[in-house]
Visitor: 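Have a look at this one before I ask anything.
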Number of protein chains: 2
Amino acid sequence: MAPKITTALDVMGGDEGAAVALPGAELALARHSDLHFRLYGDETVVKPLLEFFPRLKAASEFEHCEVAIRMEDKPSQALRRGRGRSSMWQAIEAVKTGAADYAVSAGNTGALMAMATFCLKTAGEVERPAIAGLWPNLKGEGVVLDLGATVGASADLLFDFAVMGAAMSRALTGKPRPRVGLLNIGVEEVKGLEQIRDAGRQLREADLGNLDYVGFVEGDDIGKGTVDVVVTEGFTGNIALKTAEGTAKQIAGYLRDAMRRTLLARLGYLLARDAFSRLRTKMDPSRVNGGVFLGLNGIVIKSHGRTDAAGFASAIDLGYTVVRDGLVDKINQELSRHHRSEAPGGEGEVAKTGAM
Amino acid sequence: MAPKITTALDVMGGDEGAAVALPGAELALARHSDLHFRLYGDETVVKPLLEFFPRLKAASEFEHCEVAIRMEDKPSQALRRGRGRSSMWQAIEAVKTGAADYAVSAGNTGALMAMATFCLKTAGEVERPAIAGLWPNLKGEGVVLDLGATVGASADLLFDFAVMGAAMSRALTGKPRPRVGLLNIGVEEVKGLEQIRDAGRQLREADLGNLDYVGFVEGDDIGKGTVDVVVTEGFTGNIALKTAEGTAKQIAGYLRDAMRRTLLARLGYLLARDAFSRLRTKMDPSRVNGGVFLGLNGIVIKSHGRTDAAGFASAIDLGYTVVRDGLVDKINQELSRHHRSEAPGGEGEVAKTGAM
């Protein structure tokens, strides 16, 4: 029998806290019987609720935590208030001590990233961590990083993001050599920023065996699914993510409006109801819920703060999949192989263009 | 009788050239009888085709140009090949000499921006020009700039973009004090880049009478229509624009797929056909076709390269509206008022953070 995979859950995170985290864990458990849970939260909230999920209760240990990080806490505030004693911290620390294989929280992103970086530290020579997300596209779904952990990235960091994103894509899709693109703008010659060009040169020259670098991609390639992995720094990645979310809502609004306008349209809508519900599912963010923090000594999954139980379960699934694939070890091996191979190569340091 | 407004048309620009530009001009002319045209292009192509548009022929002068800039020409190449003698250059130069009030081209963006900047020069103290676009949103449409003219922008330049975008919004909507937001990411504390924070501070302190600065906005606010004007530098703006386009195509693909899946869905689709066609119109990029180059001594409109006649006519309309409103003069007045008022104020130079 394969060893169990242990998930550390910050039960207090997100807008709904335990009311979403516990049923979410129950759902994930139904899919993966080799899951084990460590639940961190306020006992007055979690313990009575846990009684309604006997299967989860049997597959988990609970630990009381005095502090719950709030959605509006700033990262520095969260660290001050919550270090050592918050459910968010405890879940992350369980990964550090080896008590858990990965942590999941729907708590606020800034606080979670600050705590995860503080507690787990960046892996090897990676300068800063990234948030990698699964982005639905016309061919299925792709990995996009960084979605907002770092503002600005040097060429070296973009290179590391490419290696990390490709490793995640391999874990999720099984493709041995995922196609990787660097996000850029299509103005010829100017062709974007120096550090992006440098990162492209590095990726081309490295010619990695498990990553197919295809060059620059543009914003519309994300939705098209032109590549398996889209690499960018966190400011641009976050703007792109939010813009896509806004556009999806906008079009859903147009569609609702159009279908209510006439009697015929209403009737048509009724007949095509199943098709519309399929469409809604496709556009539903909870289906592909969860960003993975990459570049740390351990896996932390950020679930959307406004997710439901199904979405939270997806976030647990995501962590389960990448952990079972040994993602952290693979990334560390690949990065250290590259960083080592670079040193004697004599090509010297690539100029770091610094914060954008 | 009000004086005529003269449009200089690069008839050779875009994927379809004269076959789209001439019927487009004819459409715009039907809407605005006070339009006059100067047509620049290859006589062997344009002259025979113009015979099919007698009304346009009567309202225009034609000038033969030896060179047509190609969609794949790089900006430097375009300048070398086309300076002085291409239809694109001639259309822009007509604005410089006062022979036309504004120029329209569906030619390649990089070449058009390079020529427009070279020929018209940036206005007053504006460091670099911006491309401002009309972006459909849930409340109608908003102005977003810069969509790709500049990579990186100092706080001063973002301030100037805000003033220029607000002037464009006033011209198009008649709102006396459009709401303006700076595009940023929602991570607390880190809250994006130094130059964006600085620009926000400047806008707040300037407290302009015809611009309501509301603070930072995020990517999803563009589609929501939270503000009338969204200001960002060109790299991020271009990525956001392309990402939104990609998302719209992606959802259209899902919708098509969903509506074909079952017989009931097909029937429903037939009944709701008009509603779907309304939706398509809403999502149709040609409806809001045209980016305005702002910050130059003259107005140049970039129409989408793959537009149809209706889209090209929208681009002509857009220029007509902002020119009739006296956009360039208003922008120059407002910017010079601000730049002047800053000098004796004693607050000194705001640090320029340079390229991003």
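All chains are named by letter (A, B, ...) in the order of the sequence lines, taking the proteins before the strands, and each is independently numbered beginning at 1. When reading the values below, keep in mind they use all heavy atoms of this one structure, side chains included, and skip hydrogens, waters and symmetry mates.
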Visitor: Sort out for me which of B:Lys242, B:Lys224, B:Met113 touches chain A most, counting heavy-atom pairs under 4.5 Å.
Guide: B:Lys242
Visitor: Please give me the minimum heavy-atom distance between A:Leu158 and A:Glu233, naming the atom from each residue.
Guide: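 Shortest heavy-atom separation between A:Leu158 and A:Glu233 comes out as CD2-N, 4.0 Å.
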Visitor: Are side-chain heavy atoms of B:Asp146 and B:Thr232 found at a separation under 4.5 Å?
Guide: no
Visitor: Looking at B:Arg81, I'd like to know if its CZ atom is crowded, meaning that more than 12 non-hydrogen atoms belonging to other residues, nucleotides or ligands lie closer than 6.0 Å.
Guide: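 Above 12, so yes.
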Visitor: Using a cut-off of under 4.5 Å for heavy-atom pairs, which of A:Ala111, A:Ala240, A:Gly225, A:Gly234 has the most such pairs with chain B?
Guide: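 The option with the most such pairs is A:Ala240.
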Visitor: If you define the side chain from C-beta out and look only at heavy atoms, does anything of A:Leu112 sit under 4.5 Å from A:Val300?
Guide: yes
Visitor: Who among B:Gly253, B:Ala244, B:Gly219 has the most heavy-atom pairs with chain A under 4.5 Å?
Guide: B:Gly219
Visitor: At a 4.5 Å cut-off on heavy atoms, which part of B:Ile222 comes close to chain A: side chain, backbone, both, or neither?
Guide: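 Answer is side chain: those atoms of B:Ile222 sit under 4.5 Å from chain A.
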